[in-house]
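Presented below is the structure to which this report refers.
Computed from a predicted model, the values in this text were never measured in an experiment. We're numbering straight along the sequence, starting at 1. What's counted below: heavy atoms across the whole structure, side chains too, no hydrogens, waters or symmetry copies. In each ligand, atom 1 is the first atom listed, and ligand 1 is the first ligand listed.
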Amino acid sequence: MPIETHPLQTTFRPGDPSLLRNKQGRCRKCDKAQTPGEKFRFCKGCNVAIYCSEECQRAHWEHHKPLCQYQQENTAFFQSHPEVIAPTEPGMPNILEMQLYLRDFTEAHRPSFQGLLHAKMLSMGGTKKVLTKENPQVCLIPLKYRPPGPDGVNPALTFSYSNCVMLPRARVLADAAEHRPRFLEAWEKSAESRAHVAATFGNDLDFVDILPVLFAPHHGPAQFGYFPQYSGFEGDGLERPPSREVIAAQLDTYAMFIELGIVLRQPSATAAPIPGYMQKIGDGKKWEWRAMWTNWYSDPEWTRAKTSKDRVRLFKRKLAEAQRREAS
Ligand SMILES: [Zn+2]
Ligand SMILES: [Zn+2]
């Protein structure tokens with residue numbers, strides 16, 4: 001199947017800078033991608049924002065400062081209140097550990113979440129219909145913590161995903177104000193960085209809005225993420241809108257990637273993402289991305305796999321094959 005007509009391809013825009021903001025991803029300021037062997041730096045304050053250089057980090061500081069300071073206060077508060085960060089159930093990691101797991105998990109699966117959200121928009125009638133100024137939305141993604149396997153903490157497998165729900169933003173924030181007071185503060189402090197992200201897409205005619213996404217594990221901390229949403233591929237102009245079946249297949253496929261720990265990455269800035277997995281390096285805590293199926297969208301095996309069951313089976317096999325190659 002040529003790349004343009006693959007159902008998943010409709011949710012990816014080549015070069016979309018939002019796709020790869022992750023450990024091996026792109027600088028928050030200049031959007032430069034990290035190339036193999038290159039080491040980007042995390043902001044030492046919050047340990048979340050990532051930059052290609054000291055120069056970019058300095059230039060981004062005015063946008064990043066309020067959120068960074070809030071995150072630092074938060075961490076300091078947790079560190080001085082061990083009773084607050086204690087695991088809510090025996091065998092669970094503490095809140096600070098959970099925060100890091102959540103950061104790495106959501107960054108690893110960012111392309112899959114981006115695709116998932118776009119498919120969700122399509123299922124609701126299109127981005128322009130869903131994201132209006134009058135009725136701002138938040139997407140709630142409940143997650144369930146998954147204990148580590150024999151290899152240790154694989155950043156792509158620390159949570160399992162089941163569904164996502166669009167909710168009125170006012171309701172989500174009111175709820176947060178009641179149950180997680182500091183959470184509302186995090187929302188306010190992120191205003192500057194949200195505006196900066198939106199401004200980055202200002203010249204793109206297809207850009208509609210930033211969709212805030214609340215990743216909410218059953219236990220422990222929650223986390224906001226901001227995903228740019230585009231119109232297009234929705235029946236305007238020459239494109240035909242995808243059918244219900246195609247949209248359902250997209251939602252299923254991204255859920256499968258997240259569930260199996262399959263991580264999508266773009267091999268280059270203009271190429272479509274390809275599936276891979278996280279591989280543990282040495283005996284430490286470092287994990288690196290490995291491609292597992294380079295030409296998947298043109299592979300007849302994928303085209304033949306019509307049902308969700310077939311696709312899951314196929315991806316499990318491809319993953320096992322790639323891991324066997326790695327081991328030998
Ligand atoms: Zn940079
Ligand atoms: Zn920071």
Side-chain angles (χ1 to χ4, degrees), residues 13-81 85 94-108 110-111 114 155 180 182-204 207 210 212-215 220-228 265-271 273 285-286 288-289:
R13 296 161 53 87
D16 179 348
S18 72
L19 288 178
L20 285 178
R21 288 213 174 93
N22 51 38
K23 275 189 165 179
Q24 296 175 322
R26 292 163 181 266
C27 172
R28 289 274 157 110
K29 173 63 190 165
C30 72
D31 198 41
K32 182 172 170 282
Q34 190 168 246
T35 50
E38 201 175 9
K39 266 262 148 295
F40 280 12
R41 50 177 65 212
F42 276 115
C43 167
K44 286 211 172 61
C46 60
N47 215 15
V48 174
I50 187 163
Y51 301 100
C52 71
S53 63
E54 202 181 325
E55 203 182 355
C56 273
Q57 188 173 356
R58 230 181 280 127
H60 192 243
W61 179 239
E62 60 168 319
H63 306 292
H64 176 57
K65 190 178 171 186
L67 190 58
C68 187
Q69 286 178 340
Y70 166 76
Q71 276 161 337
Q72 288 182 47
E73 283 166 30
N74 221 11
T75 306
F77 171 82
F78 283 140
Q79 275 164 349
S80 59
H81 293 76
I85 64 165
N94 73 39
I95 284 184
L96 287 178
E97 289 166 328
M98 284 285 264
Q99 249 173 7
L100 285 180
Y101 294 165
L102 195 54
R103 175 197 78 180
D104 291 347
F105 176 81
T106 55
E107 295 279 301
R110 190 164 174 105
Q114 177 76 36
R180 306 171 192 251
R182 292 186 62 80
F183 206 69
L184 202 55
E185 208 180 327
W187 170 260
E188 283 156 13
K189 300 284 183 189
S190 69
E192 185 71 30
S193 30
R194 272 180 283 138
H196 184 65
V197 177
T200 312
F201 297 93
N203 294 329
D204 188 329
F207 173 72
I210 301 288
V213 175
L214 185 55
F215 295 100
Q223 179 191 298
F224 269 120
Y226 306 103
F227 290 74
R265 288 278 169 88
Q266 281 171 294
S268 72
T270 51
K285 291 181 173 174
K286 258 188 89 208
E288 266 178 13
W289 183 80

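In this structure, the side-chain contact (heavy atoms from CB on, under 4.5 Å) partners of Gln99, at least two apart in sequence or on a different chain, are Asn74, Phe78, Leu96, Pro221. Glu54 pairs by the salt bridge (Lys or Arg N to Asp or Glu O under 4.0 Å) definition with Arg58, not counting sequence neighbours. Partners of Gln223 under the side chain to side chain donor-acceptor pair (under 3.5 Å) rule, at least two apart in sequence or in another chain, are Thr106.
Rounding to 10 degrees gives 110° for the angle at the Zn ion (ligand 1) between SG of Cys52 and SG of Cys56.
Below the 2.8 Å limit, the Zn ion (ligand 2) has as protein N, O or S neighbours Cys43 SG, Cys46 SG, His64 NE2, Cys68 SG.
Cation-pi geometry between Arg103 and Phe215 is not met at under 6.0 angstrom from the ring centre and within 45 degrees of the axis. In this structure, Arg110 fails the cation-pi test against Phe105, since its NZ or CZ atom is not both closer than 6.0 Å to the six-membered ring centre and inside 45 degrees of the ring normal.
Formation of a donor-acceptor pair under 3.5 Å by the Glu97 side chain with backbone atoms of Asn94 is found in this model.
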